[in-house]
Amino acid sequence: MTTYNLALIGFGGVNRALAQLIDEDPTRFAHLGFDLKVVAITDLLMGSLVQEDGIAISEVLALPRGTTFEAFPGGSATADNESVIRHDAVDIVAEATFTNPVDGEPAASHVRWALEAGKHVTTTNKGPIALHGKALKHLAEETGAHFAYEGSVLSGTPVLGLARDQFAGLTILGVQGILNGTSNYVLGRMEAGLSLNDAVAEAQAEGYAEADPTADIGGSDVQLKVAILANELLGADIAPEDVDTTGITDITADHIINAAREGKRYKLIGTARRDANGTLTATVAPEAVPADHPLANIPGATNAVSVETDLLGTVTITGPGAGRIETAYALITDIIAIHSHEKEKVNV
Ligand code: HSE
């Protein structure tokens, strides 16, 4: 049995959920040949905690809001991210700080420090992948660390892994999807008569929305995801600003009612496609789609991606695209991939 020592960078909903899953059942991954020990946590509000023998997760999860790690052995009130990430005891860094759509920081530096130090990285953070994915993948190749980011698109629903593994023998011609749970939830609630603002408040209460929900409603969250899908699935090399983006901010009750009269529903759709000449187009825009459109009936905060391929036609995967446990499961998927990668190295 291999034990991986984890550093959790950012102790918000996602890494808390991962810690909770490990704590609830320490043998959860025994059938896969590994177990996980949390040896370090950093958080902007709580500071840093490093305990090489393993942190008592239930104690940390029960801390009242506003408490720092200062009073703990190995604790400090400041988030010493770089020294924690580079710490000798750490094998895998789970990066789940907030997404910064402008420069990807500080998450991009967290990932870079980890890869430089030869630590494997799993992240759910879209910023570093959409903005610095190529350089970070190159760094991982150089240092032999594994860099995994399944949760950057569709949280735990495995679109990147599906494309990388099961679709490896296909040519992918295009992708189209509902990539933001908040906006899909909001459009559904507006169909039920709520105002955009009230519907956004509900999505925030449900925990789907980004720290700044204008990223969900304005389309920039989907813009990052379309850039990631284009680069990962279509072999493109684009930046988020190459994705022509319109959000749902200007969709009104009248738009929704008029679309319904024509048997249509508004959906915020992200698309990346190559034409016959290989030219890539990448867009995000609200579309009134007919009831028989494959994405018309994707409900609530659910996400979906339709992948257009040469040999299989169109394959659609649908599932959660947000949520604490669902996104923490993406980290687990990545850790399973890291374990397979490590086993292959041993067997070569
Ligand atoms: N705020 C995002 C959504 C969560 O609503 O889909 C994951 O990117």
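All heavy atoms count here, side chains included; hydrogens, waters and symmetry mates do not. In each ligand, atom 1 is the first atom listed, and ligand 1 is the first ligand listed. Numbering of residues begins at 1 and proceeds along the displayed sequence.
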Practice problem: Might you work through the side chain to side chain contact (heavy atoms under 4.5 Å, CB included) test for Ile9 and Thr97, ending with a clear yes or no? | Solution: CA-CA 7 Å; Ile9 307 302; Thr97 63; 4.1 Å; yes
Quiz item: Where on Asp221 is there a heavy atom closer than 4.0 Å to ligand 1, on the side chain, on the backbone, on both, or on neither?
Solution: side chain
Quiz item: With no hydrogens and no angle check, do the side chains of His146 and His120 hold a donor and an acceptor under 3.5 Å apart?
Solution: no
Exercise. If you have a sec, work out which protein heavy atom is nearest atom 5 (O) of ligand 1 and how many Å separate them, to one decimal?
Key: Thr182 OG1, 2.6 Å
Quiz item: Between Lys225 and ligand 1, does any nitrogen or oxygen pair lie at a separation below 3.5 Å?
Solution: yes
Self-check item: Carboxylate-amine/guanidinium contact Glu232 Lys137, below 4.0 Å
Solution: yes
Quiz item: In Å, rounded to the nearest 0.5 Å, how long is the span from CG of Leu154 to OG1 of Thr327?
Solution: 10.0 Å
Exercise. Among all protein heavy atoms, pick out the one at the shortest distance from atom 6 (O) of ligand 1; state its residue, atom name and that distance to 0.1 Å.
Key: Gly181 N, 2.7 Å
Quiz item: Can you tell me the protein heavy atom closest to atom 2 (C) of ligand 1 and the distance?
Solution: Glu210 OE2, 3.2 Å
Practice problem: For Asp216, take its heavy atoms, then give the atoms of ligand 1 lying under 4.0 Å from any of them. | Solution: 1 (N), 2 (C), 3 (C), 5 (O)
Quiz item: Can you name the closest pair of heavy atoms from Asp334 and Tyr149 and give their distance?
Solution: OD2-N, 3.4 Å
Exercise. Scan side-chain atoms only and decide if Thr123 and Asn125 contain a donor-acceptor pair under the 3.5 Å cut-off.
Key: no
Quiz item: Going by the order shown, which atoms of ligand 1 are within less than 4.0 Å of some heavy atom of Tyr208?
Solution: 1 (N), 2 (C), 3 (C), 4 (C), 5 (O)
Quiz item: For ligand 1, which atoms sit closer than 4.0 Å to a heavy atom of Ala322?
Solution: 4 (C)
